[in-house]
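As a basis for the values below, the full set of heavy atoms in this structure was taken, side chains included, without hydrogen atoms, waters or symmetry mates.
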Amino acid sequence: MNQKGGTGKTTTAVNLAAYLAILGKRVLLIDFDPQANATMGLGIEHGPDETVYHAMFGSQDHGRVIKPTHFTNLHMVPASADLAGALVELVNVEDRERHLRKFVDSVRDQYDFMFIDLGPSLNLLTINGFLASDEVIIPIQCEYYSLRGVEQLLETVQMVRDNLGHPLQIAGALLTMHEEGKRFSQDVVKDIRENFPHHVYESVVPRSVPLAEAPSFSRPVVLYAPQSSGARAYERLAEELIKQGESANEYQAPKGEE
């Protein structure tokens, strides 16, 4: 999530999920953006009643909305423009902020990683996405205006914790669209690493033509240009994320804090 558009949210969700699947992890990617860019980027075909909208409102069996992808270990729940209608339908529904959480909880045990690709708007869909999540990855484009968007997002996460009682955590910030040799890109990287109050991933995603082209072929970059700099960056990020999870699982609370 990042409340600013064009920071690489969908690119990250699709390619990170693909590399984790290649590394042997069971992964579910949920497209929760009415624009359905992740769905199109993976070339997922689905019926008119087989999307996350129908899963969230319980009108469709989960087996019908969870779709296979190019990878055995990667499944996807597609989105469509129908999801925009959920904003209206949820307004007067009981427990309206937790509809997606109910679906996620029902399939959680089947996967090692679950990713929710959120749109850039802050609305009831975003809140559903936050409450269905344990952690947030924040893609930050290496330019000035992205920094301002991050400040807003951190305030939103704190609001979710304080007002809705959900212990949402920041998994880390991911620097994207980095231009090697450009002074300003370097300055943004330095600024984020020094001042961002949470984890910053070592992997930095460069501005990459193959990353931009791969969705038009309905493929993640690993199936389009696996040797490209963008592909290698997401492979490194997947390895980082696995290590991050292993470190969290190995943590043992001191006596008196169990």
Side-chain angles (χ1 to χ4, degrees), residues 1 9-10 12-14 16-17 20-21 24-34 36 38-39 42 44 46 49-69 71-80 82-87 89-119 122-138 153 156-172 241-242 244-246 248-249 251 253 258:
M1 172 59 179
K9 292 184 292 296
T10 299
T12 296
V14 167
L16 182 54
L20 285 167
K25 302 300 181 181
R26 300 166 300 163
V27 185
L28 179 66
L29 173 59
I30 300 173
D31 190 348
F32 208 55
D33 184 348
T39 301
L42 280 177
I44 302 300
H46 59 85
D49 61 346
E50 297 176 348
T51 71
V52 67
Y53 169 86
H54 304 93
M56 192 167 66
F57 285 97
S59 62
Q60 188 58 276
D61 180 78
H62 294 171
R64 295 278 302 278
V65 299
I66 297 177
K67 301 296 183 180
T69 69
F71 306 95
T72 302
N73 285 350
L74 175 58
H75 296 159
M76 182 172 194
V77 180
S80 70
D82 289 341
L83 191 57
L87 283 171
E89 295 180 46
L90 284 169
V91 169
N92 296 315
V93 175
E94 185 178 356
D95 214 17
R96 60 186 182 179
E97 302 93 354
R98 293 175 171 82
H99 267 57
L100 183 61
R101 179 84 192 192
K102 294 173 184 176
F103 169 73
V104 166
D105 285 347
S106 71
V107 298
R108 179 185 293 269
D109 293 342
Q110 300 174 35
Y111 299 97
D112 300 307
F113 288 91
M114 301 175 73
F115 292 95
I116 303 171
D117 184 30
L118 295 178
L122 179 58
N123 53 36
L124 200 46
L125 293 181
T126 315
I127 299 303
N128 264 267
F130 282 157
L131 291 183
S133 303
D134 300 318
E135 299 176 301
V136 181
I137 293 176
I138 307 174
L153 178 55
T156 301
V157 170
Q158 192 61 49
M159 177 199 73
V160 169
R161 293 172 180 163
D162 295 342
N163 296 344
L164 297 174
H166 179 57
L168 186 64
Q169 300 297 314
I170 305 294
L241 212 67
I242 290 173
Q244 186 182 29
E246 291 172 346
N249 291 334
Y251 171 77
E258 290 89 343

| query | Please walk me through it: do K25 and L241 pass side-chain contact (heavy atoms from CB on, under 4.5 Å)? | reply | CA-CA 11 Å; K25 302 300 181 181; L241 212 67; over 6 Å; no

| query | Within the distance-only criterion (no hydrogens, no angle test), does the side chain of H166 pair as donor or acceptor with the backbone N or O of F130 below 3.5 angstrom? | reply | yes

| query | In Å and rounded to the nearest 0.5 Å, what is the CD1 to OG1 distance from I137 to T12? | reply | 8.0 Å

| Nearest 0.5 Å, what's the CG-OG1 distance between L118 and T10? | 9.5 Å

| request: With side-chain contact (heavy atoms from CB on, under 4.5 Å) as the test, would you mind laying out the steps for D31 and L83 before giving the verdict? | output: CA-CA 10 Å; D31 190 348; L83 191 57; over 6 Å; no

| task | Let me see the working for L29 and V14 under side-chain contact (heavy atoms from CB on, under 4.5 Å), right down to the final yes or no. | result | CA-CA 8 Å; L29 173 59; V14 167; 4.1 Å; yes

| note | Closest non-hydrogen contact found for V136 with M1 is CG1-CB, 4.1 Å

| said: Between R96 and V91 (side chain of the first, backbone of the second, donor and acceptor by atom type, cut-off under 3.5 Å), is there such a pair? | reply: yes

| request: For residues T156 and T126, determine if any side-chain heavy atom of one lies less than 4.5 Å from a side-chain heavy atom of the other. | output: no

| query | Is the backbone of I44 close enough, under 3.5 Å, to the side chain of T39 for a donor and an acceptor to pair up by distance? | reply | no

| Between atom CD1 of I66 and atom CG of L28, what is the distance when rounded to the nearest 0.5 Å? | 5.5 Å

| query | CZ/R98 to CG/L164 distance, rounded to the nearest 0.5 angstrom? | reply | 6.0 Å

| Q244 side chain vs A171 backbone, donor-acceptor pair below 3.5 Å | yes

| said: Minimum heavy-atom separation for A21 and F71, please, with both atom names. | reply: CB-CB, 4.2 Å

| remark: Y111 meets the ring-ring contact (aromatic ring centres under 6.0 Å, His included) criterion, sequence neighbours left out, with H75

| request: Could you go through the side-chain contact (heavy atoms from CB on, under 4.5 Å) check for I127 and L122 one step at a time? | output: CA-CA 8 Å; I127 299 303; L122 179 58; 4.3 Å; yes

| request: List the atom of G129, the atom of L100, and the distance in Å for their closest heavy-atom pair. | output: CA-CD2, 4.0 Å

| Exercise: identify the closest heavy-atom pair between L125 and F32 | O-CE2, 3.1 Å

| Test item: R161 side-chain N/O and L168 main-chain N/O as donor-acceptor pair under 3.5 Å | yes

| Counting only N and O atoms by type, is there a donor-acceptor contact under 3.5 Å from the side chain of N128 to the main-chain atoms of R101? | no

| task | Could you label the plane-to-plane angle of the F113 and F115 rings as parallel, tilted or perpendicular, counting under 30° as parallel and over 60° as perpendicular? | result | parallel

| remark: Closest heavy-atom pair, D117 versus A38, reported as atoms and distance to 0.1 Å, is OD2-CB, 3.7 Å

| Pair D105 + K102: basic N to acidic O under 4.0 Å | no

| query | Can you name the salt bridge (charged side-chain N to carboxylate O under 4.0 Å, His left out) partners of D112, sequence neighbours left out? | reply | R26

| said: Can you classify the ring geometry of H62 versus F103 as parallel (below 30°), tilted (30 to 60°) or perpendicular (above 60°)? | reply: perpendicular

| Among all residues two or more places apart in sequence or in another chain, which pass the salt bridge (charged side-chain N to carboxylate O under 4.0 Å, His left out) test with E50? | R64, K67

| note | Closest heavy-atom pair, A79 versus A36, reported as atoms and distance to 0.1 Å, is O-CB, 3.4 Å

